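As the structure is a prediction and not an experimental result, all values here were calculated from the model.
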Protein chains: 2
Amino acid sequence: MRAPERLRADARRNRELIIDTARAVFAEQGPGATTDEVAKRAGVGPGTLYRHFPDRDSLVIGVVADGLERMLALAVAARAEEPAAWDALSCFMRGCAGLRLDVLSWMARPQADRLAAVPGIRQARATLLDTLDAIVRDAHAEGTMRRDAGAVDVLGAVSLLIRGLPTLPPDLAQDLRERTLELLLTGLRNHPWAPPLGPPMTAEALAARLGGEDFSG
Amino acid sequence: MRAPERLRADARRNRELIIDTARAVFAEQGPGATTDEVAKRAGVGPGTLYRHFPDRDSLVIGVVADGLERMLALAVAARAEEPAAWDALSCFMRGCAGLRLDVLSWMARPQADRLAAVPGIRQARATLLDTLDAIVRDAHAEGTMRRDAGAVDVLGAVSLLIRGLPTLPPDLAQDLRERTLELLLTGLRNHPWAPPLGPPMTAEALAARLGGEDFSG
DNA sequence: CACGAAACGGAGAAAATCTCTCCGTATATC
DNA sequence: GATATACGGAGAGATTTTCTCCGTTTCGTG
């Protein structure tokens, strides 16, 4: 993690491989999965893993940061590619469900401070919220999304949905998650009889309420 | 766990206390929480805990079984007390969100077999599904709930919702969970424009698909 | 009230597990 | 072809946790 800035090609490849594998292993085995298991599944030695991530926490942080960046990329892409804000919203939410970030919030909690200190994370989170806020505002303007739900409602719902149902066979869990997401999208839609929800939970409302605390997807 | 069947008063009290504490501790600290921590927080010695639950797994199973029974009780009570099926449904779902079963499915997974073998659990699960099915059928008949969502959709959604957002301050996490639940309830409502969801996920459909596997809330 | 049985508390043993290091070898880059 | 960079993997070391044991206390009953 020093000067060179420019990793050797195989090093960069391995780093990515390790993060991807770690995400999958954590999703499958839960927060107790070991670093050695991650290394084995990635097909690298423990030594390699530990050169990229000085300790276990760094690996967790790396996975969280990567996940957050993926969510952000998803949001940005959805906004850019979908002409209708509603489509961008549902596209983003569906995409998130595929990220397998299952237990990361549990693993991240003990390192919340360290996590928040990583500059990339703070910024990615802020940008993600801004992007979502923009999508949501557009959807409000479009008249497709109920006005009493805000960007944080979207993010909160997604955070709940991306978790797995580990006692279920994966394909069934997947179906159930997708169906639940569809129900949720219907609930987010702007229709006349939706019972009111109170003031929308926007990025601003969240900031006011948190005063600097953490939100890690 | 032998003959006496009739526990001494303090023993029964402690057993319940331990389960309740364990649920809270697991919800707060995640799956890694130790038995000693549970004992300490419950104000009993480790020895006491281990007389009630011969090993850690048994404790987890005990908590899961208890949680399932509470869900069942909730469903039965909701059905009995609410004249309208829709109200019973939302009452059940709201009640579940308060159970703090956060990480139990993660903890339970390694013991899925053992879990399924506990007679109380198999039966509670079956009864729960039946009860939900009845509520859902009534709600369909009532015209309040969309027909392409079934009892398993309800249970799946609840299973996703009861998880916490541990990196968030508890009260905010609570709000977010409640708001998401409301969105979901709106999505479950029977209204003309809801995009179709495919055939409803009923208890039967689940059984056909699982062929004996596990579903532990 | 007193007696027997059942349950409790807590110190600590024993084991199991995981993280992380070290160094000879292999591979990329120039 | 030379050099720096990265890799693999065996294993040490330390940390942690589970779970037991037994003297003490509490409950239930005659």
Sequence-distant partners of B/Arg12, side chain to side chain donor-acceptor pair (under 3.5 Å), two or more places apart: none
Whole angstrom value for the distance that separates C1' of C/dA15 from CG of B/Asp55: 15 Å
Between D/dT17 atom C1' and B/Tyr50 atom OH, what is the distance in whole Å? 7 Å
Interatomic distance where CG belongs to A/Leu59 and P belongs to C/dC18 [whole Å]: 15 Å
Where at least one partner belongs to residues 41-50 of chain A, residue pairs that pass salt bridge (Lys or Arg N to Asp or Glu O under 4.0 Å), sequence neighbours excluded: A/Glu28-A/Arg41, A/Glu37-A/Arg41
Sequence neighbours excluded, which residues qualify as side-chain contact (heavy atoms from CB on, under 4.5 Å) partners of B/Pro166? A/Ser105, A/Trp106, A/Arg109, A/Arg163
What are the two closest heavy atoms between A/Gly67 and A/Leu99, and how far apart are they? O-CD1, 4.2 Å
With the criterion being N/O to N/O and under 3.5 Å, what pairs connect the protein with nucleotides 9-12 of chain D, and how long is each?
unit_1: D/dG9; atom_1: O6; unit_2: A/Gly47; atom_2: N; d: 3.4

Note the angle between the end axes of the helix from C/dC1-D/dG30 to C/dC30-D/dG1, five pairs defining each, rounded to 10 degrees. 40°
Contact list for DNA chain C against residues 23-33 of chain B - heavy-atom distance below 4.0 Å: none
Salt-bridged, A/Arg70 to A/Asp66, with N to O below 4.0 Å? yes
Taken to the nearest whole Å, CZ/B/Arg12 to P/D/dG28 is 12 Å
Please list, chain by chain and in numerical order, all residues satisfying side chain to side chain donor-acceptor pair (under 3.5 Å) with A/Arg56, sequence neighbours excluded. none
Closer than 4.0 Å, any side-chain N/O of B/Asn14 to the OP1 or OP2 of C/dA7? no
Counting just side-chain N and O atoms, does A/His52 come under 4.0 Å of either OP1 or OP2 of D/dC7? yes
If the condition is side chain to side chain donor-acceptor pair (under 3.5 Å), which residues does B/Thr202 pass it with, not counting sequence neighbours? none
Would you confirm whether B/Asp153, through its side chain, and B/Gly150, through its main-chain N or O, come within 3.5 Å as a donor-acceptor pair? yes
Euclidean distance, atom CG of residue B/Leu49 to atom P of D/dT20 [Å, nearest integer]: 12 Å
Could you state the CZ-P distance from A/Arg15 to D/dT5, rounded to the nearest angstrom? 18 Å
Is a side-chain N or O of A/Thr127 found less than 3.5 angstrom from the main chain of A/Gln123, in a donor-acceptor match? yes
Please list, chain by chain and in numerical order, all residues satisfying side-chain contact (heavy atoms from CB on, under 4.5 Å) with A/Ser58, sequence neighbours excluded. A/Phe53, A/Pro54, A/Asp55, A/Arg114
Given atom CE of A/Met107 and atom P of C/dC18, what is their separation to the nearest angstrom? 13 Å
Using a strict 4.0 Å threshold on nitrogen-to-oxygen distance, state whether A/Glu182 and A/Arg177 make a salt bridge. no
Partner set under side chain to side chain donor-acceptor pair (under 3.5 Å) for A/Arg13, not counting sequence neighbours: none
Show each protein N/O and nucleotides 27-30 of chain C N/O combination with a separation under 3.5 Å, one pair to a line.
unit_1: C/dT27; atom_1: O2; unit_2: A/Arg8; atom_2: NH1; d: 3.2
unit_1: C/dT27; atom_1: O2; unit_2: A/Arg8; atom_2: NH2; d: 3.2
unit_1: C/dT29; atom_1: OP1; unit_2: A/Ala9; atom_2: N; d: 3.3

From NZ of B/Lys40 across to P of C/dG9 the rounded distance in Å is 15 Å
N/O donor-acceptor pairs under 3.5 Å from side chains in residues 72-83 of chain B, not counting sequence neighbours:
unit_1: B/Arg79; atom_1: NH1; unit_2: B/Asp138; atom_2: OD2; d: 2.8

Verdict with reasoning, B/Arg137 to B/Asp133, per salt bridge (charged side-chain N to carboxylate O under 4.0 Å, His left out): CA-CA 6 Å; B/Arg137 252 199 312 272; B/Asp133 226 36; 3.4 Å; yes
Using a cut-off of less than 4.0 Å, is there contact between a side-chain N or O of B/Thr34 and OP1 or OP2 of D/dT17? no
